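A quick write-up on the structure given underneath.
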Amino acid sequence: MKFLIVLMYSLLCAVLLNLFSQIQDLLKYLFSLGALYLGIQFFKKHDEKWMRITFVILTIILYFIAAVVYAFYRYLQYGDVPAPS
């Protein structure tokens, strides 16, 4: 059960960070603040060391997976890959 909680928090943070990296508007900073807020809330509620380490590592891994999935989607939809910002 605890791993599912870590997985859901990590997935949500990874999606927010992916939106932050893909949007080129002032709105992107709201996604960054949302990920930061979610991370702070996770660290407040869960003080086990393994949960915190797993949260950070899983968030990074899921962020890269989401970025690759978005690049594939962008390539299939538009025929180009987004330039790194």
Side-chain angles (χ1 to χ4, degrees):
M1 182 67 182
K2 287 186 178 184
F3 184 73
L4 288 177
I5 293 171
V6 173
L7 183 66
M8 293 308 295
Y9 270 98
S10 295
L11 184 62
L12 190 56
C13 274
V15 168
L16 287 172
L17 289 173
N18 193 16
L19 288 171
F20 168 74
S21 68
Q22 298 300 329
I23 294 177
Q24 300 300 323
D25 194 6
L26 204 58
L27 182 66
K28 73 187 262 179
Y29 297 109
L30 289 178
F31 295 116
S32 172
L33 290 174
L36 179 66
Y37 177 76
L38 198 63
I40 289 171
Q41 292 303 313
F42 180 82
F43 272 56
K44 276 185 184 178
K45 290 180 184 176
H46 307 286
D47 58 351
E48 293 95 355
K49 185 185 273 188
W50 73 269
M51 287 183 77
R52 291 181 174 186
I53 292 170
T54 306
F55 168 73
V56 171
I57 291 172
L58 201 56
T59 300
I60 293 169
I61 291 170
L62 290 173
Y63 164 73
F64 285 121
I65 290 172
V68 168
V69 167
Y70 177 74
F72 283 149
Y73 166 77
R74 179 78 186 233
Y75 180 74
L76 291 175
Q77 194 74 12
Y78 301 108
D80 67 338
V81 179
S85 53

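Throughout, numbering of the chain's residues begins at 1 and tracks the sequence. Since the structure is predicted, the reported quantities are computational estimates derived from the model, not experimental observations. Note: hydrogens, waters and symmetry copies are ignored here, and every other heavy atom, side chains too, is used.
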To the nearest 0.5 Å, tell me how far [X] [atom1] sits from [Y] [atom2].
{"X": "Asn18", "Y": "Tyr70", "atom1": "CG", "atom2": "OH", "value": "8.5 Å"}
{"X": "Leu7", "Y": "Thr59", "atom1": "CG", "atom2": "OG1", "value": "9.5 Å"}
{"X": "Leu4", "Y": "Leu11", "atom1": "CG", "atom2": "CG", "value": "11.5 Å"}
{"X": "Leu38", "Y": "Leu33", "atom1": "CG", "atom2": "CG", "value": "12.5 Å"}
{"X": "Leu36", "Y": "Gln41", "atom1": "CG", "atom2": "CD", "value": "10.0 Å"}
{"X": "Ile5", "Y": "Thr54", "atom1": "CD1", "atom2": "OG1", "value": "13.0 Å"}

Considering all heavy atoms, the nearest Leu16-Phe31 contact: O-CB, 3.5 Å
Atom of Lys28, atom of Phe20 and distance for their closest heavy-atom approach: O-CD1, 3.1 Å
Heavy-atom neighbours of Leu76 CG exceed 12 at 6.0 Å: yes
Atom CZ of Phe43 with >12 non-hydrogen neighbours under 6.0 angstrom: yes
Chi angles and distances behind the side-chain contact (heavy atoms from CB on, under 4.5 Å) call for Phe42, Cys13: CA-CA 10 Å; Phe42 180 82; Cys13 274; over 6 Å; no
Let me check something: do [X] and [Y] share a hydrophobic cluster, defined by ILVMFWY side-chain heavy atoms less than 4.5 Å apart, either directly or through other members?
{"X": "Ile60", "Y": "Tyr63", "value": "yes"}
{"X": "Phe64", "Y": "Val68", "value": "no"}
{"X": "Ile65", "Y": "Tyr73", "value": "no"}
{"X": "Leu17", "Y": "Met8", "value": "no"}
{"X": "Val15", "Y": "Tyr29", "value": "yes"}

Main-chain N/O of Phe55 paired to Ser10 side chain as donor or acceptor, under 3.5 Å: yes
Pairing residues for Glu48 by the side chain to side chain contact (heavy atoms under 4.5 Å, CB included) criterion, not counting sequence neighbours: Lys2, His46, Trp50, Met51
Residues Asp47, Arg52; criterion side-chain contact (heavy atoms from CB on, under 4.5 Å); working and verdict: CA-CA 7 Å; Asp47 58 351; Arg52 291 181 174 186; 4.1 Å; yes
